[in-house]
Participant: 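Please read through the structure below; I'll follow up with questions.
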Amino acid sequence: MTSCHIQAGHADSPVILHVPHASRSIPEKVRAGILLTDDQLRRELDESTDTATDHIALRTTELLASGFPRPWLAINQFSRLVIDPERFPGDDEPMNAAGRGAVYTRTCNRALLRPEPAPHTQHLMDTYYHPYATALTDLVDDRIATTGTAVIIDVHSYPHHPSRFENPNKPRPALCLGTDDFHTPNGLREQALHAFAPLGDIATNTPYGGCYVPLNRYQQDPRVSAVMIELRRDQYLTTPSAANLNKVDALASMLATLVAHCTPKAAAD
């Protein structure tokens, strides 16, 4: 199984729905290097996993109004406890300080997840992180070559209560909209706010900020637009690992509205 599953969209669509944290899958060899018991690991996955965000993204492609080309999907096939593809790969990653960089060494409650320093970091990066980054880079390159632009919509969720490594004083709205000064034009931000307006409780860059852009384009290529959608999980989950399908549909409908706004009229005709 490859790290990143690409589901092809319409050739004319510049939109990529990126789902990096929905999986709970951990290969056996990687599991052997994790220090947690099975019960501890289950609880960690409950808190760390953006449960059902892949279902929201897939349902979005089905709910698009007739005539709008389907977006492309990029979905991580493995848990973020294997590697986190949205972290910077080097020492400049801020979450390294919390043991939650590209290769996690700490759990959500700050317990040891792996020995520190993690003994198999380079193997994990070579096997999972770099191939994933290459797949996303190639997809963005392809969308730019074909349509002249790429629009990355990062699909995440987060728990109602903060993890121990987070600032407990930051607001935790129904929707956290992550933006970047370079890659999130005002029009895209306004389109996202409009699409998710039914949620009412929306904030920008709190408790999380920024959005995913491949490093070869990051802060360099304005043809890449990006925004992060962080949905608070209590709006659609019935348990940490199960979703309310009606609420998934409602959120997917809002996301479909945003995707339609990001699709050029010429492509929709």
Side-chain angles (χ1 to χ4, degrees), residues 1 3-7 9 15-26 38-65 70-82 84-86 104 107-109 132 152-163 166 171-178 192-203 206-208 211-212 227-260:
M1 183 188 293
S3 300
C4 185
H5 170 68
I6 305 295
Q7 179 173 303
V15 180
I16 301 165
L17 297 181
H18 180 217
V19 186
H21 296 152
S23 177
R24 297 171 71 99
S25 177
I26 300 175
D38 287 347
D39 283 345
Q40 290 169 335
L41 179 57
R42 176 184 54 78
R43 290 193 294 270
E44 177 65 19
L45 287 169
D46 284 348
E47 190 166 349
S48 290
T49 305
D50 293 354
T51 299
T53 49
D54 50 346
H55 298 309
I56 292 172
L58 288 162
R59 188 68 178 128
T60 295
T61 68
E62 298 168 353
L63 293 176
L64 275 174
R70 289 190 175 189
W72 295 66
L73 270 64
I75 301 176
N76 188 2
Q77 299 296 284
F78 296 116
S79 168
R80 66 196 301 179
L81 302 186
V82 179
D84 191 332
E86 294 223 313
Y104 293 179
T107 67
C108 289
N109 66 9
Y132 189 100
I152 304 169
I153 302 176
D154 236 0
V155 186
H156 292 258
S157 70
Y158 73 102
H160 188 253
H161 300 289
S163 300
E166 297 180 305
R172 301 179 80 80
L175 170 65
C176 162
L177 193 67
L193 290 172
H194 170 75
F196 287 92
L199 296 179
D201 183 19
I202 302 175
T206 184
Y208 310 106
C211 41
Y212 182 87
V227 68
M228 179 173 67
I229 303 298
E230 284 269 9
L231 298 160
R232 206 178 61 214
R233 293 177 195 158
D234 60 306
Q235 299 173 99
Y236 71 95
L237 292 187
T238 55
T239 72
S241 59
N244 180 308
L245 295 183
N246 289 332
K247 293 182 178 180
V248 164
D249 272 7
L251 293 169
S253 179
M254 297 177 205
L255 185 54
T257 298
L258 175 58
V259 171

Participant: Taking the side chain as every heavy atom from C-beta outward, state whether Y212 and P20 have any pair of such atoms under 4.5 Å apart.
Facilitator: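 Sidechains of P20 and Y212: no contact.
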Participant: Between Q235 (side chain only) and A174 (backbone N and O only), is there a donor and an acceptor less than 3.5 Å apart?
Facilitator: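 Yes, Q235 side chain to A174 backbone: donor-acceptor pair under 3.5 Å.
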Participant: Knowing that exactly one of N244, D249, V248 qualifies, which makes a side chain to side chain contact (heavy atoms under 4.5 Å, CB included) with Y236?
Facilitator: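 Among N244, D249, V248, the one meeting side chain to side chain contact (heavy atoms under 4.5 Å, CB included) with Y236 is V248.
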Participant: List the steps and the verdict of side-chain contact (heavy atoms from CB on, under 4.5 Å) for E86 and D154.
Facilitator: CA-CA 10 Å; E86 294 223 313; D154 236 0; 2.6 Å; yes
Participant: Just verifying a value: how many Å separate H55 NE2 and I75 CD1, rounded to the nearest 0.5 Å?
Facilitator: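 So the NE2 of H55 and the CD1 of I75 are separated by 9.5 Å.
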Participant: Nearest 0.5 angstrom please: E44 CD to S163 OG, how far?
Facilitator: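 Here the rounded value is 8.0 Å.
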Participant: Quick one: are P71 and L64 in side-chain contact, heavy atoms under 4.5 Å?
Facilitator: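 Counting from C-beta outward, P71 and L64 do come under 4.5 Å.
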Participant: Do you know the tightest heavy-atom contact between A203 and P173?
Facilitator: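 So the two residues come closest at CB-CG, 3.7 Å.
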Participant: What's the separation between atom CD in E166 and atom NE2 in H161, rounded to the nearest 0.5 Å?
Facilitator: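 Going from CD on E166 over to NE2 on H161, the span is 12.5 Å.
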Participant: With side chains defined as the heavy atoms from C-beta onward, is the minimum distance between N76 and V82 less than 4.5 Å?
Facilitator: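 A side-chain contact under 4.5 Å is absent here.
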Participant: Between the side chains of D39 and R43, is the shortest nitrogen-to-carboxylate-oxygen separation below 4.0 Å, so that they form an ion pair?
Facilitator: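 Not counted as a salt bridge, because no side-chain N and carboxylate O are separated by less than 4.0 Å.
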Participant: For the residue pair T60 and V155, establish whether any side-chain heavy-atom pair is separated by less than 4.5 Å.
Facilitator: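 T60 does not reach V155 side chain to side chain.
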Participant: I need the minimum non-hydrogen distance between S79 and I26, along with the two atoms involved.
Facilitator: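 Nearest pair, atom of S79 first, then I26: CB-CG1, 3.9 Å.
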Participant: Step by step, would you call L193 with I202 a side-chain contact (heavy atoms from CB on, under 4.5 Å)?
Facilitator: CA-CA 8 Å; L193 290 172; I202 302 175; 3.6 Å; yes
Participant: With side-chain contact (heavy atoms from CB on, under 4.5 Å) as the test, would you mind laying out the steps for I229 and L258 before giving the verdict?
Facilitator: CA-CA 11 Å; I229 303 298; L258 175 58; 4.2 Å; yes
Participant: Any donor-acceptor pair under 3.5 Å linking the side chain of T239 with the backbone of A242?
Facilitator: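 Flag set: sc T239 to bb A242 pair under 3.5 Å.
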Participant: Counting C-beta onward and ignoring hydrogens, is there a side-chain heavy-atom pair between Y158 and R232 closer than 4.5 Å?
Facilitator: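 Yes, side chains in contact.
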Participant: Flag the pair R42 / R24 as yes when at least one side-chain heavy-atom distance between them is below 4.5 Å, and no otherwise.
Facilitator: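 Yes, at least one pair of side-chain atoms sits under 4.5 Å.
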Participant: Under 3.5 Å, is there a donor-acceptor pair linking the side chains of S48 and Y104?
Facilitator: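 Side chains of S48 and Y104: no pair found under 3.5 Å.
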Participant: Please confirm whether the backbone N or O of P240 pairs with a side-chain atom of T51, one donor and one acceptor, at under 3.5 Å?
Facilitator: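 Indeed, once roles are kept as given, a pair shorter than 3.5 Å links the two residues.
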Participant: Give the intermediate values and the outcome of side-chain hydrogen bond (donor to acceptor under 3.5 Å, both in side chains) for residues S157 and R233.
Facilitator: CA-CA 6 Å; S157 70; R233 293 177 195 158; 3.0 Å; yes
Participant: Search all heavy atoms of A22 against all heavy atoms of T49 and return the closest pair with its distance.
Facilitator: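 So the minimum-distance heavy-atom pair works out to O-CG2, 3.2 Å.
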Participant: Mind listing the closest non-hydrogen atom pair of Y132 and A74 along with its distance?
Facilitator: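 Y132 and A74 have their closest heavy atoms at OH-O, 4.5 Å.
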Participant: Side-chain contact test, heavy atoms from C-beta onward, threshold under 4.5 Å: evaluate it for H21 versus D84 and give yes or no.
Facilitator: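 Yes, at least one pair of side-chain atoms sits under 4.5 Å.
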Participant: List the atom of Q7, the atom of L58, and the distance in Å for their closest heavy-atom pair.
Facilitator: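 Nearest heavy atoms, Q7 then L58: OE1-CD2, 3.5 Å.
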Participant: Are the side chains of L199 and L231 in touch, meaning some heavy atoms are under 4.5 Å apart?
Facilitator: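 The answer is yes, as the side chains (C-beta and beyond) meet within the 4.5 Å cut-off.
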Participant: When rounded to the nearest 0.5 angstrom, what is the spacing between CE in M228 and NE2 in H18?
Facilitator: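 The CE atom of M228 sits 12.0 Å away from the NE2 atom of H18.
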Participant: State whether the side chain of R59 and the backbone N or O of A250 hold a donor-acceptor pair below 3.5 Å, judged by distance alone.
Facilitator: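 No: the side chain of R59 does not pair with the backbone of A250.
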Participant: Working to the nearest 0.5 angstrom, can you tell me the gap between L17 CG and I56 CD1?
Facilitator: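 If I round to the nearest 0.5 Å, the distance is 11.0 Å.
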Participant: Roughly how far, to the nearest 0.5 Å, is CG of L177 from OG1 of T206?
Facilitator: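 Result: 12.0 Å between the selected atoms.
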